[in-house]
Amino acid sequence: MLSVQQAEQIIANSVHPLNPERDIEIVDLLGASGRILAQEITSQLDFPHWDNSAMDGYAVRHTDVAGCNAENPAILEIIAEIPAGKAPQKSILPGQAARIFTGAMMPAGADTVVMQEVTQREGNSVTILSEPAPQAFVRYKGSFSQAGTPLLSPGISIGATEIAVLASAQCTQIPVYRRPVVAILSTGDELVTPDQPLKPGQLVDSNQYALATLVTQAGAIPQMLGIIPDDPEQLKNAISQALESADIVISSGGVSVGDYDFVEQILSSLGGEIHFRAIAVKPGKPLTFASFNSGNERSPILYFGLPGNPVSSLVTFWRFVQPAIKKMSGISDFWQPIFVQAKTQHNLKSDGKKESYFWGKLLLVNGEYEFTLAGGSQSSGNLINLAQTNGLAVLPVGKTLVNVGDLVQVLQVR
Ligand SMILES: Nc1nc2c(c(=O)[nH]1)N[C@H]1C(S)=C(S)[C@@H](COP(=O)(O)OP(=O)(O)OC[C@H]3O[C@@H](n4cnc5c(N)ncnc54)[C@H](O)[C@@H]3O)O[C@H]1N2
Ligand code: MOO
Ligand SMILES: [Mg+2]
């Protein structure tokens, strides 16, 4: 059977990131939050835009205050007052100073700011009681970034700090990648929507809602196609409809070896290339991955047939689908799953034949991660104790036991 790492590689090789020319949208500043930048941002502005003061105080010529102290102060004539937002009108000549405030433009002639706390003011003169360092408290034009220098690179995720840079650069129409569209369908005759009363043998379709939530969190647009019965004709129609409009299609259920598991045969009959239909992972063994060449300008459409068991479908989503969505979305870094090392608070046991995932809580305790196994059943059919978990501890193939207090790799989820 294929290893998790082989499956991961096959998926990564099949993902085509969105096209930075074709797959872009223009959004406004606040609309850029959480989006992926598609083009480099430069500015014709220097940062700071002009020499300005970092303190409330006095703009002086350093040569006028060199060597001064409380016993031997420098006394200067104040010839101007420069608040923030006003251009200075006068140059500072020897023996002169300007009253200046934080953020205000430095006047010509001055090269240093003396903070107000080491001065005494009397009418139009100021006494400097302590020598400042040359150029103290001046933020020089272009010293943070010069005009024409790239400010933001394509492929980054846009958050508050990037929005601050875009606003400062007066960039209000921002080219971002469109969000990938991910179609989601649930298969199973036993499934009903959450608002329907249950008849014997029926079960609520929880996967569709959990997967739609995770798709949104991954930065894509979920297209919920509902519950499709275990009927080859209806399933075929639903999947071919999903392939029309989506970049990625996710189904849950119908990928095992039962008489009502039709997903693989339908993918083949629709011309999909099946890359694998089982991997050595627990839970999630029957994960099925296929791609469809759309023939035209579009990149291949990826199909993930997730196992129906609720935990299996979420574990395989976190481990395999989420990185694929992120890589497709145009992000250049940080699309890979994040693993941390944690000290386990419980023994973790596996038969060593498959890479095994255990769900629980990852907590930072005194700067070190601890993993606490979720209480109750670790059955892939038990979604109840998956709530409020945020980590999946991983035992690789060949590892049958991790003892309490030993380190284990944990995949961060949520
Ligand atoms: N003879 C074998 N049987 C099974 C094997 C095997 O190797 N040999 N593998 C088991 C494993 S492991 C898994 S995982 C499941 C995968 O089954 P399917 O993907 O075919 O899924 P279904 O049979 O349709 O459903 C399985 C289970 O999950 C429930 N389910 C399905 N969809 C949803 C949904 N949208 N929301 C909530 N729950 C759902 C369904 O009712 C079943 O209980 O196969 C094993 N069998
Ligand atoms: O893979 Mo199944 O997911 O073990 O229940
Ligand atoms: Mg089945």
Side-chain angles (χ1 to χ4, degrees), residues 4 7-8 182 184-188 190-195 198 202-218 220 222 224 227 250-256 279-288 304-326 337-340 342-351 354-365 369-396 402 404 408-414:
V4 164
E8 183 178 41
V182 179
I184 307 168
L185 51 101
S186 294
T187 73
E190 75 279 29
L191 301 177
V192 297
T193 55
D195 53 353
L198 288 178
Q202 290 187 328
L203 184 75
V204 172
D205 167 20
S206 54
N207 289 349
Q208 179 118 210
Y209 302 92
L211 292 170
T213 306
L214 291 174
V215 163
T216 304
Q217 281 174 11
M224 295 171 75
I227 299 167
I250 306 176
S251 62
S252 70
V255 290
S256 184
I279 41 181
V281 66
K282 183 176 185 285
K285 182 185 72 172
L287 174 67
T288 296
F304 292 90
L306 309 185
N309 279 318
V311 181
S312 314
S313 73
L314 296 194
V315 167
T316 49
F317 182 94
W318 280 316
R319 186 65 185 84
F320 300 104
V321 185
Q322 180 175 291
I325 294 175
K326 288 194 174 176
I338 297 171
F339 291 91
V340 298
K343 205 187 270 183
T344 180
Q345 304 299 102
H346 299 91
N347 287 338
L348 302 173
K349 290 180 193 156
S350 140
D351 64 8
K354 300 188 210 107
E355 185 162 303
S356 300
Y357 288 70
F358 302 85
W359 50 104
K361 262 202 169 108
L362 192 60
L363 276 179
L364 203 50
V365 180
Y369 282 112
E370 284 182 4
F371 178 77
T372 307
L373 195 64
S377 170
Q378 292 263 325
S379 155
S380 62
N382 179 18
L383 57 78
I384 302 301
N385 67 351
L386 205 52
Q388 289 297 296
T389 59
N390 62 350
L392 297 170
V394 189
L395 261 62
V402 178
V404 177
V408 66
Q409 291 282 106
V410 179
L411 172 65
Q412 285 189 318
V413 297
R414 276 178 167 274

Derivation and outcome, side chain to side chain contact (heavy atoms under 4.5 Å, CB included), residues L211 and F304: CA-CA 12 Å; L211 292 170; F304 292 90; over 6 Å; no
Audit row: V215, I184, side chain to side chain contact (heavy atoms under 4.5 Å, CB included) steps and yes/no: CA-CA 9 Å; V215 163; I184 307 168; 4.0 Å; yes
From CA spacing to verdict: side chain to side chain contact (heavy atoms under 4.5 Å, CB included), V410, Y369: CA-CA 9 Å; V410 179; Y369 282 112; over 6 Å; no
Test log, rule side chain to side chain contact (heavy atoms under 4.5 Å, CB included), inputs I279 and F320: CA-CA 11 Å; I279 41 181; F320 300 104; 3.5 Å; yes
Would you list the atom pairs, donor with acceptor, under 3.5 Å between side chains in residues 305-318 and any protein atom, with sequence neighbours excluded?
{"unit_1": "N309", "atom_1": "ND2", "unit_2": "S380", "atom_2": "OG", "d": "3.3"}
{"unit_1": "S313", "atom_1": "OG", "unit_2": "N207", "atom_2": "OD1", "d": "3.4"}
{"unit_1": "S313", "atom_1": "OG", "unit_2": "P310", "atom_2": "O", "d": "3.1"}
{"unit_1": "T316", "atom_1": "OG1", "unit_2": "S312", "atom_2": "O", "d": "2.7"}
{"unit_1": "T316", "atom_1": "OG1", "unit_2": "S313", "atom_2": "O", "d": "3.1"}

Using atom types as modelled, flag every donor-acceptor pair under 3.5 Å from a side chain in residues 387-396 to any protein atom, sequence neighbours excluded.
{"unit_1": "T389", "atom_1": "OG1", "unit_2": "L386", "atom_2": "O", "d": "2.6"}
{"unit_1": "N390", "atom_1": "OD1", "unit_2": "L362", "atom_2": "N", "d": "2.6"}
{"unit_1": "N390", "atom_1": "ND2", "unit_2": "L362", "atom_2": "O", "d": "3.1"}

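In this structure the side chain of S251 reaches within 4.5 angstrom of the side chain of L185, judged on heavy atoms. Within the 4.5 Å cutoff, the side chain of V402 has no heavy atoms near those of the F371 side chain. Proximity of V255 to L287: side-chain heavy atoms (C-beta onward) are nowhere separated by under 4.5 Å.
Considering every non-hydrogen atom in both T372 and H346, the closest pair reads CG2-CE1, 3.5 Å. Contact detail for Q208 and I227: the closest heavy-atom pair is NE2-N, 4.2 Å. Of all heavy-atom pairs spanning A220 and V182, the tightest one is CB-CG2, 3.8 Å.
One distance of note links NZ of K285 with OG of S256; it measures 6.5 Å at 0.5 Å rounding. Note: L203 CG to L191 CG = 6.0 Å, rounded to the nearest 0.5 Å. Summarising the geometry, atom NZ belonging to K361 is positioned 13.0 Å from atom CD belonging to Q345; distances are rounded to the nearest 0.5 Å.
No side-chain donor-acceptor contact under 3.5 Å links Q217 to the backbone of R414. With hydrogens and angles disregarded, no donor-acceptor distance shorter than 3.5 Å links the side chain of S252 to the backbone of I250.
Under the salt bridge (Lys or Arg N to Asp or Glu O under 4.0 Å) criterion, the residue pairs touching residues 305-324 are E8-R319, with sequence neighbours excluded.
In this view, V365 and L363, E370 satisfy the side chain to side chain contact (heavy atoms under 4.5 Å, CB included) rule, not counting sequence neighbours. Under the rule for a side chain to side chain donor-acceptor pair (under 3.5 Å), the partners of N382 that lie at least two apart in sequence or sit in another chain are N385. Shown here are the side chain to side chain donor-acceptor pair (under 3.5 Å) partners of D195, two or more places apart in sequence or in another chain: T193.
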